[in-house]
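First the proteins, then the strands, lettered A, B, ... as listed; each starts at 1. Only a predicted model underlies this, so the values are computations on that prediction, with no experimental measurement involved.
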Number of protein chains: 2
Amino acid sequence: MRRREYLGQLELMVLLAVMRPRGDAYGVLIARDIADKSGREVALASVYAALERLEHKGFLTSSLGQPTAERGGKARTYFKATATGVREAREAHATLLRLSADLPALQVETA
Amino acid sequence: MRRREYLGQLELMVLLAVMRPRGDAYGVLIARDIADKSGREVALASVYAALERLEHKGFLTSSLGQPTAERGGKARTYFKATATGVREAREAHATLLRLSADLPALQVETA
DNA sequence: GCCCATATCTTCATTATTATAGAATTAATG
DNA sequence: CATTAATTCTATAATAATGAAGATATGGGC
C-alpha cells in the first residue's frame with residue numbers, strides 16, 4: 001500500500017497545533033496542546049512520529065532552536081507549517097465540517 | 001496496545017455518515033457519502049471493517065434489512081448510532097473545533 | 001419453470017500505516 | 001555529577017487499505 005496522500009487524524013491535530021500563532025511549536029508543547037484540547041493523552045512518541053511524517057511530506061519545516069532553556073535540557077526543534085501544509089489542513093478541516101454539517105445530533109455547540 | 005478509547009479518522013467519518021438523518025445507512029451508501037464529501041476514494045472493505053469496529057465498541061447497532069432491492073443484490077445491513085456513539089462523535093467534533101479555533105490561517109469558510 | 005448473466009452487497013486474506021509505552025539517549029545547567 | 005528537559009529508539013498492537021472472492025437476489029431467454 002502506498003503512502004496516504006491525505007492527513008491522518010493525529011497528523012491533522014499536530015498540524016493544527018503547529019499552526020497556532022504562538023510561533024514556538026515544538027514536540028512537548030504540541031503534545032500538551034493536543035492533550036488539553038482533546039482531553040486525551042497523546043503519546044510523545046506519536047507526536048514526534050507525526051511531526052516527522054509531516055515534514056517529510058512537505059507540510060512542515062523544522063529548525064533547531066537555541067539551547068536557551070531556563071534550566072537545562074536539550075535544545076528544542078521548532079516547527080512551522082508550509083503553505084502546502086496550511087492548504088492541506090484547510091482541506092482536511094473542511095472535509096470534516098462537510099461530514100458533520102446538517103447532523104441534528106451534533107448541533108449542540110453550534111447553537 | 002490495547003484498543004484505543006477514541007475514534008480513528010475513518011471511524012469518525014463512518015460514524016458521522018451513519019448519523020445522517022436519512023436513516024438508511026448501509027455499507028455501500030456510507031462509502032459513497034464519504035467519497036463525495038471528502039473527495040477521496042475509500043475502499044468498501046475499509047468501511048465495513050470500520051463499521052465492525054464501531055459496532056463492537058458499542059457505537060453502532062446493526063439490523064439486517066429485507067432483500068427488497070430493485071434489481072438483485074444481497075440484503076443490506078443497516079446501521080444506527082447508539083447514544084454512546086452520538087456522544088463520541090460529538091466529542092470528536094468538538095475537539096476538532098477547539099483545535100481549529102483561533103487559527104487565522106483557517107478562517108476562510110467560517111467567514 | 002429453470003438456468004444463467006448480471007447487479008448488489010458483504011466478507012476474506014494480506015499488507016501497510018499509525019499509535020503506544022517505556023526505556024534510552026542527548027544536551028544543557030549549576 | 002546530579003538534575004532537568006527534550007528528543008529518539010525499540011518493539012508491539014491497533015487501525016486502515018486493497019484486491020479478490022463469496023453470497024444472494026433479479027430478470028430475461030428459452
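Atoms CG (A:L12) and P (C:dT18) sit 13 Å apart, rounded to a whole Å.
For A:T77, the side-chain atoms get nearest to D:dT7 when compared with the rest of D:dT18, C:dT10, D:dT7. Taking every side-chain heavy atom of B:K74 into account, C:dT10 is the closest of C:dG22, C:dT10, C:dA19. The A:Y26 side chain lies nearest to D:dT7 when the options are C:dT11, D:dT7, C:dA19. With D:dA6, C:dA21, C:dA19 as the choices, the nucleotide that has an atom nearest any side-chain atom of A:S46 turns out to be C:dA19. Picking from C:dT20, C:dC9, D:dT15 the nucleotide with the shortest atom distance to the side chain of B:R32 gives C:dC9.
Using a 4.0 Å heavy-atom criterion, one finds that B:A43 contacts the bases of the nucleic acid, with or without backbone contacts as well. Within the 4.0 angstrom heavy-atom criterion, no nucleotide atom of any strand lies near B:Y78. Contact annotation for B:L44: base contact, defined as any heavy-atom pair under 4.0 Å involving a base atom.
Residue A:R76 places none of its side-chain N or O atoms closer than 4.0 Å to OP1 or OP2 of D:dT4. Between B:K57 and D:dA14, a side-chain N or O to OP1/OP2 separation shorter than 4.0 Å is absent. OP1 and OP2 of C:dA13 both lie 4.0 Å or more from every side-chain N or O belonging to B:Y48.
A donor-acceptor distance shorter than 3.5 angstrom exists from the side chain of A:R98 to the backbone of B:K37, with no hydrogens or angles considered.
Between A:K57 and A:E11 there is a salt bridge, since at least one side-chain N of the basic residue sits less than 4.0 Å from a carboxylate O of the acidic one.
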